[in-house]
Amino acid sequence: MRAIISGVGHYVPDKILSNSDLEKMVDTDDEWITSRTGIKERRILDKEKGTSYMATKAAQVVLEETRTSPEELDLILLATVTPDMPVPSAVSFVQRDLGASNSWGFDINGGCTGFMCALTTGTQFIESGRHQKVLVIGADKMSAITNYEDRTTCVLFGDAAGAVLLESSGKDDLGIQDFIMHLDGAGAESLTIAGGGSIYPASHETVDKKMHYIYQDGKTVFKHAVVGMADVSAKIVERNNLGDNDIRFFIPHQANYRIIDAAAKKIGLDPERVVININKYGNTTAATIPLAMSETYRSNKLQKGDWVVLAAFGAGFTWGSVLLRWALD
Ligand code: UT7
């Protein structure tokens with residue numbers, strides 16, 4: 001019994017932060033940002049709203065389009081690195097606001113690989129027969145942890161949410177077919193938010209030292225991301241006896257256009273099969289893959305039976321790939 005994606009949706013805030021806006025805030029320019037990252041603009045959520053607001057909006061699209069009532073949900077998994085608060089889980093607010101009164105749920109912190117961690121976890125609950133309807137959401141309000149005085153990070157991130165509904169297919173040839181997931185804590189210090197946890201609880205000192213903002217050693221992450229994403233993508237295609245031409249779409253995490261390009265080249269995919277929307281949204285962490293999947297589906301490019309590869313790399317280091325056969329008409 002396979003888990004299929006029976007619905008997909010997304011939400012992005014209206015407010016746009018463009019490269020020219022950023023030129024007025026830090027010492028940067030459109031040429032540098034575009035050539036180094038591929039990003040032109042990103043979306044920013046209102047200050048007073050949290051990640052759960054976007055997650056709930058994306059989930060509502062999925063429930064509406066699949067004609068699923070919130071009470072039918074068995075489980076909600078929310079991948080995020082920006083929960084509304086440290087406690088409770090952000091999914092608690094989503095479950096409440098959706099009215100999903102029969103569902104349990106939890107947050108998953110898998111960095112930029114978070115959506116895939118949640119997707120593969122949800123898949124297990126469907127495949128085991130334990131649950132019938134699992135909602136998987138990737139959502140991040142990166143603007144809440146971005147230092148808009150640091151040009152090395154503030155040009156990269158944006159806010160968004162994406163969601164999918166997982167159900168049982170009853171057929172083995174559709175849905176999530178395979179996944180490869182990795183964690184290597186040797187890279188733990190390369191991408192962090194050091195403050196606000198149990199080692200450095202919030203204090204005047206952590207605020208003064210800007211420890212509540214995202215920090216990354218961009219070059220180190222870049223190098224590992226290119227190799228990691230290419231390796232797991234090639235491996236999942238090979239071990240399922242597929243050729244590059246069998247893959248209709250490669251939907252990668254959107255951290256940097258150059259990382260995506262290098263990974264796609266390594267696995268020999270022509271650009272027409274690679275989904276890229278980083279130009280519009282920047283890096284929205286756990287939301288990039290479901291957002292890109294939702295946009296691709298809405299542009300009528302995905303057909304039932306299409307082979308799709310998802311791949312991501314992020315904090316941890318975490319990385320992985322998922323192979324699926326599209327199940328929606
Ligand atoms: O999603 C989670 C995983 N994250 C990633 O995958 C991100 C991986 N890393 C990257 O995408 C890239 O490393 C960055 C986009 C973050 C940086 O690009 P880069 O080509 O590695 O640039 P760099 O860090 O080597 O910086 C090159 C130069 C530096 O100046 P100097 O030292 O050569 O004089 C930076 O200070 O560019 C400078 N720089 C900027 N200049 C203008 C850094 N940020 C900016 C900026 N505008 N925004």
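Start at 1 and go down the list; that is how both ligands and their atoms are numbered.
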Under 4.0 Å from a heavy atom of [X]: which atoms of ligand 1 are those, numbered in the order shown and with their elements?
X    : value
V155 : 48 (N)
A255 : 1 (O), 5 (C), 6 (O)
R36  : 19 (P), 20 (O), 22 (O), 27 (C)
T28  : 42 (C), 46 (C), 47 (N), 48 (N)

Is it the case that N19 and R42 place a side-chain donor and acceptor less than 3.5 Å from each other?
->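 Looking only at side-chain atoms, R42 and N19 do form a donor-acceptor pair, the distance falling under 3.5 Å.
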Is it the side chain, the backbone, both or neither of N283 that has a heavy atom closer than 4.0 Å to ligand 1?
->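 Looking at N283 and ligand 1, just side chain atoms fall under 4.0 Å.
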Closest to atom 38 (C) of ligand 1 by heavy-atom distance, out of R258, R151, M229, is R151
Name the option, out of W32, W319, F157, that contains the heavy atom nearest to atom 43 (C) of ligand 1.
->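 The nearest heavy atom belongs to W32.
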Within a distance of under 4.0 Å, is there any protein heavy atom near [atom]?
atom                    : answer
atom 34 (O) of ligand 1 : no
atom 48 (N) of ligand 1 : yes
atom 31 (P) of ligand 1 : no

Output for pair (C112 SG, N283 CG), nearest 0.5 Å, gives 4.5 Å
Nearest-0.5 Å distance that lies between atom CD1 in I260 and atom OG1 in T288 =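 One gets 8.0 Å once the value is rounded to the nearest 0.5 Å.
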Say whether [X], considering both its backbone and side-chain N or O atoms, lies within less than 3.5 Å of an N or O atom on ligand 1.
X    : answer
H253 : yes
G218 : yes
T37  : no

Does Q177 reach the main-chain N or O of D172 with its side chain, forming a donor-acceptor pair under 3.5 Å?
-> yes
Is a salt bridge present between D270 and R273, judged by a nitrogen-to-oxygen distance below 4.0 Å?
->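 R273 and D270: salt-bridged.
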Charged N to carboxylate O under 4.0 angstrom, E272 versus R248?
->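 Salt bridge flag = yes for R248 with E272.
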In terms of the angle between their ring planes, are F317 and H224 parallel, tilted or perpendicular, with boundaries placed at 30° and 60°?
-> tilted
Mutual orientation of the aromatic rings belonging to Y297 and W326 [parallel < 30°, tilted 30-60°, perpendicular > 60°] | tilted
Atom 14 (C) of ligand 1: closest protein heavy atom, distance to 0.1 Å, is N256 ND2, 4.4 Å
Distance-minimising heavy-atom pair for T82 and D140 =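 So the minimum-distance heavy-atom pair works out to OG1-OD1, 2.6 Å.
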Sub-4.0 Å heavy-atom contact, L191 with ligand 1 |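 L191: in contact with ligand 1 (<4.0 Å).
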Side chain to side chain donor-acceptor pair (under 3.5 Å) with Y281: which of E295, K40, E41?
-> E295
